Engineer: 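Before anything else, here's the structure in question.
Model, not experiment: these values are computed from the prediction. Remember, it's 1-based here, ligands and their atoms both numbered in the order they're listed.
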Amino acid sequence: MRPFAYHRPTDPAALEAILASLQSEGPPTSARAQFIAGGTTILDLMKLNVARPEVLVDINSIEDMTGIEARVAGLRLGALARMEDVARHPLVARQYPVLAQSLNLAASAQLRNMATVGGNVLQRTRCTYFRDTSWKACNKRNPGSGCAAIEGYNRPHAVLGVSRNCIATYPGDFAQALIALDATVDVRSTRDRRTIRFAELHRPPGERPDIETTLAPDELIASFFIPAASWTRRSRFVKVRDRESYEFALAAAAVALDMGEGGVVNEARIALGGVATVPWRAREAEAVLAKRRLTPEVAAEAGEAAFRGAEPHKFNAFKIALGRKTLERALIETAAIEV
Ligand SMILES: Cc1cc2nc3c(=O)[nH]c(=O)nc-3n(C[C@H](O)[C@H](O)[C@H](O)COP(=O)(O)OP(=O)(O)OC[C@H]3O[C@@H](n4cnc5c(N)ncnc54)[C@H](O)[C@@H]3O)c2cc1C
């Protein structure tokens, strides 16, 4: 047995008191203190001995973090809103289709009923070498120990954003939809409150694969804000995987298009999943589409551009072709949406 303390604060003030007391004993590192929301991944990692927090702070009783509020300016989602509740919200499905689709295609109904949108964006990689502690070499788990996946079995691994220290794929789906819709994140801690662009939340592995986000260890995601923009309704999520449901993406594309007369793209926003170490904004593909009519040929050009910098390893080169085709399909299907 590995003992750990468990706190369940009921309001933001009680949470802040707990965080402050943890800090007074030294900064709560991600290894030392962890939040628990739905628990569908953190408990998994604790049972596998990958996550070994000394303190679990259960945030489920904190008020004002479960809301789904649609306003004229946009949509605010509390970090504790359950994935299924967001996916099934009629207004989300109608006005922000890429969000609802990315959630509906994730995990299983049981998991979606338990899991929160805040926990979803912070889930850790499913890399086998990360989740299996019998492998010593994992720079995410044991900084400086190496990366077993680089020379190992790397079929599910990333081809974009990789470093010599880590090629693990970012596993989630919802994050790509948030990037496509230019979402922001409200973050709170004992020190302050701040708002960051969602695209700035995740860090590529670089030299420090163990540091995955720009959040300080005591920072909590309070909510997400998704602006109602000219591309919001014409948005779509396409996910390709080994089986039809209950499976992570091999390649995924979240696309949002602002289109003008005659099928010309005013602005395209694209994020790729299943192929990169972080939720991946495909800026090169967006640039190809700007001010052009979205034909199948132009979509193929965008797919090429998105994967120009890809770095495959022994078993995952197929992801380049798959990723291109997934993006092409997502673009054509998104352009066909009537708004
Ligand atoms: C079999 C299986 C299949 C799955 N398939 C998919 C899939 O296809 N697509 C997909 O996207 N996901 C998939 N998932 C992942 C699932 O969606 C996540 O486990 C879930 O979304 C995590 O949310 P949670 O609330 O349970 O997080 P938790 O397990 O409670 O927390 C996850 C992490 O986030 C931190 N955290 C949680 N909330 C906050 C917050 N508000 N602020 C700061 N830190 C926080 C925790 O400390 C922890 O580190 C799958 C999971 C399983 C088990």
Side-chain angles (χ1 to χ4, degrees), residues 4 6-9 12 15 19 28-48 50-53 55-62 64-67 77-87 99 101-126 131 140 156 169-178 185-189 193 196 198 201-202 210 212-224 237 239-252 254 271 273-274 279:
F4 60 87
Y6 174 79
H7 299 280
R8 189 166 173 138
L15 171 70
L19 295 177
T29 63
S30 51
R32 205 168 144 244
Q34 284 274 321
F35 296 116
I36 176 167
T40 62
T41 176
I42 185 66
L43 292 181
D44 226 14
L45 292 174
M46 286 172 72
K47 285 188 260 182
L48 291 169
V50 172
R52 287 172 293 217
V55 184
L56 262 191
V57 183
D58 187 333
I59 54 178
N60 283 288
S61 297
I62 299 175
D64 299 335
M65 278 182 57
T66 54
L77 299 175
L80 289 177
R82 305 289 142 171
M83 290 169 71
E84 189 70 12
D85 292 339
V86 178
L99 294 182
Q101 290 159 9
S102 71
L103 291 167
N104 267 323
L105 292 169
S108 64
Q110 290 91 334
L111 283 159
R112 292 195 298 270
N113 275 312
M114 194 70 202
T116 64
V117 287
N120 184 275
V121 300
L122 294 176
Q123 64 181 291
R124 304 200 68 191
T125 175
R126 310 297 284 192
R131 291 170 62 84
K140 262 194 200 301
T169 307
Y170 173 78
D173 297 310
F174 187 55
Q176 284 70 246
L178 289 173
V185 192
D186 288 309
V187 173
R188 95 165 51 128
S189 73
R193 284 157 192 255
I196 56 171
F198 184 81
L201 180 65
H202 293 88
D210 55 314
E212 294 179 355
T213 71
T214 53
L215 295 181
D218 64 335
E219 279 187 319
L220 183 77
I221 295 181
S223 64
F224 302 93
F237 192 81
K239 176 172 175 179
V240 176
R241 43 192 163 168
D242 278 327
R243 58 183 176 195
E244 179 58 28
S245 75
Y246 200 31
E247 187 57 277
F248 288 88
L250 284 173

Engineer: With no hydrogens and no angle check, is any side-chain donor or acceptor of Asp218 less than 3.5 Å from a backbone partner on Leu19?
Structural biologist: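 No; judged by distance alone, with no hydrogens or angles, the pair does not exist.
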Engineer: So do Phe224 and Val121 actually touch side chain to side chain, heavy atoms under 4.5 Å?
Structural biologist: yes
Engineer: Between Leu220 and Val187, is a side-chain contact (heavy atoms from CB on, under 4.5 Å) present by the stated rule, with each step listed?
Structural biologist: CA-CA 6 Å; Leu220 183 77; Val187 173; over 6 Å; no
Engineer: Tell me, do Leu56 and Met46 make a side-chain contact under 4.5 Å, heavy atoms counted?
Structural biologist: yes
Engineer: At a non-hydrogen distance cut-off of under 4.0 Å, which region of Lys239 contacts ligand 1 (side chain, backbone, both, or neither)?
Structural biologist: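 It is the side chain that touches ligand 1; the backbone stays farther off.
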Engineer: Starting from atom 7 (C) of ligand 1, locate the nearest protein heavy atom and write down its residue, its atom name and how far away it is, to 0.1 Å.
Structural biologist: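 Result for atom 7 (C) of ligand 1: Ala107 N, 3.2 Å.
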Engineer: Less than 4.0 angstrom from a charged side-chain N to a carboxylate O is my criterion; do Lys239 and Asp173 meet it?
Structural biologist: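 Looking at Asp173 together with Lys239, the answer is yes, because their closest N to O distance falls below 4.0 Å.
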Engineer: Check ligand 1 against Ala106 and write out every atom of the ligand that is under 4.0 Å from a heavy-atom position of the residue.
Structural biologist: 7 (C), 8 (O), 9 (N), 10 (C), 11 (O)
Engineer: Tell me, which protein residue and heavy-atom name are nearest atom 32 (C) of ligand 1, and how many Å apart are they?
Structural biologist: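 Of every protein heavy atom, Thr41 CG2, 3.4 Å lies nearest to atom 32 (C) of ligand 1.
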Engineer: Met65 to ligand 1: N or O pair under 3.5 Å?
Structural biologist: no
Engineer: Pairs of nitrogen or oxygen atoms closer than 3.5 Å, one from Gln123 and one from ligand 1: do any exist?
Structural biologist: yes
Engineer: Checking a contact table here: which protein heavy atom is nearest atom 11 (O) of ligand 1, and how many Å away?
Structural biologist: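 So the nearest neighbour among protein heavy atoms is Asp173 N, 3.0 Å.
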Engineer: For Asp44, is at least one N or O under 3.5 Å away from an N or O on ligand 1?
Structural biologist: no
Engineer: Could you tell me which atoms of ligand 1, counted from 1 in the order shown, lie closer than 4.0 angstrom to a heavy atom of Ile59?
Structural biologist: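 Checking each atom against Ile59, I get 38 (N), 39 (C), 40 (C), 41 (N).
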Engineer: When you compare the side chain of Tyr246 with that of Leu111, does any pair of heavy atoms fall below 4.5 Å?
Structural biologist: yes
Engineer: For ligand 1 and Phe35, I'd like to know whether there is a polar contact (N/O to N/O, distance under 3.5 Å).
Structural biologist: yes
Engineer: Please identify which atoms of ligand 1 are closer than 4.0 Å to at least one heavy atom of Ala37.
Structural biologist: 25 (O), 30 (O), 37 (C), 38 (N)
Engineer: Need the ligand 1 atom indices (1-based, order shown) with element for anything under 4.0 Å from a heavy-atom of Glu247.
Structural biologist: 8 (O)
Engineer: Applying side chain to side chain contact (heavy atoms under 4.5 Å, CB included), name anything that partners Asp64, two or more places apart in sequence or on another chain.
Structural biologist: none
Engineer: Does Tyr170 reach the side chain of His202, with side-chain heavy atoms less than 4.5 Å apart?
Structural biologist: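 When only atoms from C-beta onward are counted, His202 and Tyr170 do touch, with a gap below 4.5 Å.
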Engineer: Check whether any N or O atom of Leu111, backbone or side chain, sits under 3.5 Å from an N or O atom of ligand 1, and answer yes or no.
Structural biologist: no
Engineer: Looking at ligand 1, does any of its N/O atoms fall within less than 3.5 Å of an N/O of Asn120?
Structural biologist: yes
Engineer: Below 4.0 angstrom from a heavy atom of Ile42, which ligand 1 atoms are there? Numbered from 1 as shown, please.
Structural biologist: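 Result: 28 (P), 29 (O), 30 (O).
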Engineer: In terms of atom number and element, which parts of ligand 1 are under 4.0 angstrom from non-hydrogen atoms of Gly119?
Structural biologist: 22 (C), 23 (O), 24 (P), 25 (O), 27 (O), 32 (C), 34 (O), 37 (C), 38 (N)
Engineer: Just to confirm my output: which protein heavy-atom neighbour is closest to atom 4 (C) of ligand 1, and how far is it?
Structural biologist: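 Protein heavy atom at minimum distance: Phe248 CZ, 3.2 Å.
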Engineer: Based purely on interatomic distance, does Gln34 place a nitrogen or oxygen under 3.5 Å from a nitrogen or oxygen of ligand 1?
Structural biologist: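 Between Gln34 and ligand 1, an N or O pair is found under 3.5 Å apart.
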Engineer: Does Gly172 reach ligand 1 with a nitrogen or oxygen that is under 3.5 Å from one of the ligand's nitrogen or oxygen atoms?
Structural biologist: no
Engineer: Considering only NZ, NE, NH1 and NH2 on the basic side and carboxylate oxygens on the acidic side, decide whether Lys140 and Glu212 come within less than 4.0 Å.
Structural biologist: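 A salt bridge links Lys140 with Glu212.
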Engineer: Near Ala79, which atoms of ligand 1 are under 4.0 Å from a heavy atom of that residue?
Structural biologist: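 By the 4.0 Å cutoff, the relevant atoms are 41 (N).
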Engineer: Out of Leu80, Ile221, Leu122, whose heavy atom sits nearest atom 41 (N) of ligand 1?
Structural biologist: Ile221
Engineer: Looking only at protein heavy atoms, which one is nearest to atom 24 (P) of ligand 1, and how far off is it?
Structural biologist: Gly38 N, 3.6 Å
Engineer: Output the list of atoms in ligand 1 that are nearer than 4.0 Å to some heavy atom of Met83, sorted by atom number.
Structural biologist: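 Those atoms are 17 (O), 21 (O).
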Engineer: Considering non-hydrogen atoms of the protein only, which is the closest contact for atom 18 (C) of ligand 1, and what is the distance?
Structural biologist: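 Result: Thr40 OG1, 3.4 Å.
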Engineer: Quick one: does Thr169's side chain get under 4.5 Å of Arg126's, heavy atoms only?
Structural biologist: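 No - every pair of side-chain heavy atoms lies 4.5 Å or more apart.
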Engineer: I'd like to know if Glu84 pairs up with Arg112 as an ion pair, taking the criterion as any Lys NZ or Arg NE/NH1/NH2 lying under 4.0 Å from an Asp or Glu carboxylate oxygen.
Structural biologist: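 Looking at Arg112 together with Glu84, the answer is yes, because their closest N to O distance falls below 4.0 Å.
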Engineer: Would you please name every residue forming a salt bridge (charged side-chain N to carboxylate O under 4.0 Å, His left out) with Arg188, sequence neighbours left out?
Structural biologist: none
Engineer: Looking only at heavy atoms, what is the nearest atom pair of Gln34 and Pro53, with distance?
Structural biologist: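 The answer is CG-CB, 3.8 Å.
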Engineer: When you measure from atom 28 (P) of ligand 1 to every protein heavy atom, which one gives the shortest distance, and what is it?
Structural biologist: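 Residue, atom and distance for the closest contact: Gly39 N, 3.5 Å.
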Engineer: Say whether, by atom type as modelled, one donor and one acceptor occur between the side chain of Asn113 and the main chain of Ala109 under 3.5 angstrom.
Structural biologist: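 Yes.
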Engineer: Considering only heavy atoms, which of Asn60, Leu103, Thr116 lies nearest to atom 25 (O) of ligand 1?
Structural biologist: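 Residue with the shortest heavy-atom distance to the ligand atom: Thr116.
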Engineer: Would Arg8 and Ile59 count as a side-chain contact (heavy atoms from CB on, under 4.5 Å) if you check the C-alpha gap in whole Å, the side-chain angles of each, and the deciding distance to 0.1 Å?
Structural biologist: CA-CA 6 Å; Arg8 189 166 173 138; Ile59 54 178; over 6 Å; no
